[in-house]
Amino acid sequence: MPFPAAPVSGDAPRREALTVFVRGLKVEAGIGVHAHEQGRLQTLVIDVTLELGPMPVERLADTINYETVASAARAIVAEGHVGLVETFAERLAVACLDDGRVRRCTVRIEKPGALEAAAAAGCELVLAR
């Protein structure tokens, strides 16, 4: 057995939370406020962390499907040009909070190439109920 047996007691493990995440989702988006950013696509790298309540998960329907997060990001891209990554992040976080099981949503967006000599620049937004 890889772990020693736990001491016998009445303290059974309890669920405290469930976190679902998507890391490094790349989308090509019309984004930016500068003239040279209009009419062209730029890469965004998106991380989303969703905090759910302490529920058991036995089926996909019991949790948040990763693809729904990716679809929400792609839907924002499809709506057209967005001026700021902060605006994009807020739209995505609000879309994720549409699912009542989500208690807190953190969206981090990196815009590689936005700042010379930096790996990326961007923002991180947290929305909670």
Side-chain angles (χ1 to χ4, degrees):
M1 194 183 300
F3 297 102
V8 177
S9 73
D11 293 333
R14 70 180 189 288
R15 284 184 186 84
E16 291 190 359
L18 172 65
T19 301
V20 174
F21 61 87
V22 174
R23 296 274 184 268
L25 176 66
K26 291 183 181 179
V27 298
E28 298 297 317
I31 189 112
V33 296
H34 300 292
H36 70 275
E37 297 177 300
Q38 304 299 314
R40 70 181 189 102
L41 299 178
Q42 297 183 70
T43 301
L44 298 179
V45 181
I46 302 170
D47 297 337
V48 176
T49 302
L50 305 174
E51 295 178 27
L52 289 72
M55 59 190 146
V57 176
E58 297 294 329
R59 304 168 296 133
L60 183 56
D62 297 333
T63 189
I64 306 296
N65 186 334
Y66 313 129
E67 186 55 43
T68 60
V69 174
S71 294
R74 291 184 198 113
I76 295 166
V77 169
E79 290 171 0
H81 192 91
V82 177
L84 300 169
V85 292
E86 291 84 352
T87 302
F88 194 108
E90 183 152 351
R91 289 180 187 172
L92 183 52
V94 167
C96 291
L97 284 168
D98 278 347
D99 188 311
R101 298 171 294 182
V102 179
R103 294 179 168 183
R104 179 180 165 115
C105 178
T106 303
V107 176
R108 177 185 176 95
I109 300 181
E110 294 183 5
K111 189 176 172 187
L115 185 60
E116 190 175 330
C123 73
E124 184 170 286
L125 172 76
V126 179
L127 294 182
R129 310 188 177 278

Margin query: Count I, L, V, M, F, W, Y as connected when their side-chain heavy atoms are under 4.5 Å apart, and connections chain through other members. Are V77 and L84 then in the same cluster?
Written below: no
Notebook entry, point to check: Which atom pair, heavy atoms only, marks the closest approach of L115 to A121?
Noted result: CB-CB, 4.3 Å
Checklist line | R14 side chain to P54 backbone, donor-acceptor under 3.5 Å | finding: no
Checklist line | Reported OG1-to-CD1 distance for the pair T87 and I31, which is rounded to 0.5 angstrom | finding: 7.5 Å
Margin query: Please tell me whether M55 and V20 are part of a single hydrophobic cluster in this structure, the criterion being side-chain heavy atoms less than 4.5 Å apart.
Written below: yes
Item checked: Side-chain ion pair, E67 and R74, N-O less than 4.0 Å -> yes
Next item on the list: Calculate, to the nearest 0.5 Å, the distance between atoms OG1 and CD1 belonging to T19 and I64 respectively.
Entry: 11.5 Å
Check: I76 and L41: same hydrophobic cluster, using ILVMFWY side-chain contacts below 4.5 Å?
Finding: no
Notebook entry, point to check: Is the CD atom of Q38 crowded by more than 12 outside heavy atoms at less than 6.0 Å?
Noted result: yes
Check: Does F21 belong to the same Ile/Leu/Val/Met/Phe/Trp/Tyr cluster as F88, with side-chain heavy atoms less than 4.5 Å apart forming each link?
Finding: no
Notebook entry, point to check: Taking side chain as C-beta onward, heavy atoms only, is V22 less than 4.5 Å from I46?
Noted result: no
Next item on the list: State, yes or no, whether a side-chain contact exists between C105 and V48 at a heavy-atom distance under 4.5 Å.
Entry: yes
Margin query: Under 4.5 Å between side-chain heavy atoms, counting indirect links through other Ile/Leu/Val/Met/Phe/Trp/Tyr residues: same cluster for L44 and Y66 or not?
Written below: yes
Next item on the list: Give the intermediate values and the outcome of side-chain contact (heavy atoms from CB on, under 4.5 Å) for residues V126 and R104.
Entry: CA-CA 7 Å; V126 179; R104 179 180 165 115; 3.5 Å; yes
Next item on the list: Say whether, by atom type as modelled, one donor and one acceptor occur between the side chain of E90 and the main chain of E86 under 3.5 angstrom.
Entry: no
Notebook entry, point to check: Are the side chain of H81 and the backbone N or O of G32 linked by a donor-acceptor pair below 3.5 Å?
Noted result: yes
Next item on the list: Determine the minimum heavy-atom distance between C96 and L50, stating which atoms define it.
Entry: CB-CD2, 3.7 Å
Next item on the list: State, to 0.1 Å, how close L18 and V57 come at their nearest heavy-atom pair, and which atoms those are.
Entry: CD2-CG2, 3.6 Å
Next item on the list: Give the intermediate values and the outcome of side-chain contact (heavy atoms from CB on, under 4.5 Å) for residues E124 and V107.
Entry: CA-CA 6 Å; E124 184 170 286; V107 176; over 6 Å; no
Margin query: To check you understand the geometry: which heavy-atom pair defines the closest contact between L127 and A93, and what is its length?
Written below: CD1-CB, 3.6 Å
Checklist line | Beyond-backbone contact of R108 with V45, side-chain heavy atoms, under 4.5 angstrom | finding: no
Margin query: I'd like to know whether CZ of R101 has more than 12 heavy-atom contacts from other residues, nucleotides or ligands below 6.0 angstrom.
Written below: yes
Margin query: Does any part of the side chain of D47, heavy atoms only, come nearer than 4.5 Å to the side chain of T49, both counted from C-beta?
Written below: no
Margin query: If I compare all heavy atoms of D99 with all of R129, which pair ends up nearest, and what's the gap?
Written below: O-NH2, 3.0 Å
Notebook entry, point to check: Roughly how far, to the nearest 0.5 Å, is CG of N65 from CG of L60?
Noted result: 4.5 Å
Notebook entry, point to check: Which heavy atom in V69 sits nearest to a heavy atom in L92, and how many Å separate them?
Noted result: O-CD1, 4.1 Å
